[in-house]
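Residue numbering restarts at 1 for every chain, and letters A, B, ... go by the order of the sequence lines.
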Number of protein chains: 2
Amino acid sequence: MTPDPLAQSLHTRWQRGNVLAADCPSRPVLQHLTSRWGVLAMVALATRPHRFAELRRAVGGVSDRMLSQTLKDLESDGFVRRTAQDVVPPHVDYALTPLGHEAAARLIPLVAWIEDNIGAILAPQAA
Amino acid sequence: MTPDPLAQSLHTRWQRGNVLAADCPSRPVLQHLTSRWGVLAMVALATRPHRFAELRRAVGGVSDRMLSQTLKDLESDGFVRRTAQDVVPPHVDYALTPLGHEAAARLIPLVAWIEDNIGAILAPQAA
DNA sequence: CGGTATACTAACGAAAATGTGCGTACTTCC
DNA sequence: GGAAGTACGCACATTTTCGTTAGTATACCG
């Protein structure tokens, strides 16, 4: 399929993204937000800021390494703000930025819908 | 942070999911929907049903293997309905189920928001 | 007749994601 | 005194994910 020329011209300079295009810059951002731990970290942070270990406990099953990796990605996209106090033992806070809250506002309905409908989703599979 | 006992009792039997818990059955479903190609397939199918090759062309960069695997996952969760006509050459249609449309309705705002704000997201990174 | 399209699957190897254990420099609690 | 908690980075091993190639039976187009 050759790209639609109209869509092409609208999107070529990425004034707005078109995720369905392979080289759209939205792709990596989408992947960070929807990664295995990304969604969960965002959801947890949406309620309130967390310290690192606190967040690890909130997000069941995540390892130190994965959590810090995930947070680094989210931070580089501007969704999370990391605030470190230079003390020993270390004290670091993670909070959503305004941009992060906007993103979370789109993530939460999805997660909530799945949680609410998990019964209906799983039921046919059991049958 | 020990689990909140109230939330515990509400969620133990998974009448409703709590994705933050490691063993919540919502996890796999969430992963199927938010997988690299899962989101994109859902978004593409939300506009209209597609045949296999048509969908592959719509979702830039996906391979046959990944697409068919993704569709299989989405089908087993009840989001996608596969309709095959037993003819040669094969003719197969993929469409969202009602459940799939509900899920897509939560996926699309997320994707649209990223597409709309990709400029604002990327700008600080360039600086 | 040769090329192209269809909807996949099995098999293989490469690449990416993920977990584990260790180390840190100190504090607080038992 | 000893154990545990803190916020990671690093090296290593394993797991999973992903893409590529080959193959199928047939039809349509030129």
Checklist outcome for this item: Against the side chain of A/V92, the closest entry in C/dA7, D/dC10, D/dA7 is D/dA7

Item to check | Nearest-nucleotide comparison on DNA chain C, the residue closer to the 5′ end among B/Q69 and A/Q69 | outcome: B/Q69

Checklist entry - Is a side-chain N or O of B/R106 found less than 3.5 angstrom from the main chain of B/E102, in a donor-acceptor match? => result yes

Next on the checklist: Does D/dT6 have OP1 or OP2 under 4.0 Å away from a side-chain N or O of A/R57?
Outcome noted: yes

Next on the checklist: I want to check one thing: is the phosphate of D/dG19, taken as OP1 and OP2, less than 4.0 Å away from some side-chain N or O of B/R36?
Outcome noted: yes

Next on the checklist: Let's see if you can work this out: which of C/dA5, D/dT20, D/dG9 has an atom nearest to the side-chain heavy atoms of B/P89?
Outcome noted: C/dA5

Checklist entry - In whole Å, what is the span from the NZ atom of A/K72 to the C1' atom of C/dT18? => result 15 Å

Next on the checklist: Please report the distance, rounded to the nearest Å, between CG in A/D64 and C1' in C/dT18.
Outcome noted: 13 Å

Checklist entry - In whole Å, what is the span from the CH2 atom of B/W37 to the P atom of D/dC18? => result 8 Å

Next on the checklist: Closest approach to the side chain of B/A53, judged atom by atom: which nucleotide of C/dG19, C/dC26, C/dA7 is it?
Outcome noted: C/dA7

Checklist entry - Between B/S68 and C/dA7, does any side-chain N or O lie under 4.0 Å from OP1 or OP2? => result no

Item to check | Nearest-nucleotide 5' precedence on DNA chain C, A/V88 against A/M66 | outcome: A/M66

Checklist entry - Rounded to the nearest Å, what distance is computed from the OH atom of residue B/Y94 to the C1' atom of nucleotide C/dT6? => result 12 Å

Checklist entry - Okay, side chain of B/R81, backbone of B/P98: is any donor-acceptor separation there less than 3.5 Å? => result no

Next on the checklist: Whether the side chain of B/E115 engages the backbone of A/V19 through a donor-acceptor N/O pair (distance < 3.5 Å, no angle test) should be reported.
Outcome noted: yes

Checklist entry - To the nearest Å, how far apart are B/H91 NE2 and C/dC8 P? => result 11 Å

Checklist entry - Taking the side chain from B/H50 and the backbone from B/R48, do they hold a donor-acceptor pair closer than 3.5 Å? => result yes

Checklist entry - Is there a side-chain polar atom (N or O) of A/R51 under 4.0 Å from OP1 or OP2 of D/dG5? => result no

Next on the checklist: Please report the distance, rounded to the nearest Å, between CG in A/L55 and P in D/dG5.
Outcome noted: 17 Å

Checklist entry - Between C/dT9, C/dT20, D/dT26, which nucleotide has the shortest distance from any of its atoms to the side chain of A/S63? => result C/dT20

Checklist entry - Quick one: B/R65 CZ to D/dG23 P, roughly how many Å, whole number? => result 18 Å

Item to check | Distance in angstrom units between B/R27 CZ and C/dT18 P, rounded | outcome: 12 Å

Checklist entry - Which part of the nucleic acid does A/R56 contact within heavy-atom distance under 4.0 Å: base, sugar-phosphate only, or nothing? => result nothing

Checklist outcome for this item: Scanning both residues in full, the closest heavy-atom pair of A/D77 with A/V29 reads OD2-CA, 4.1 Å

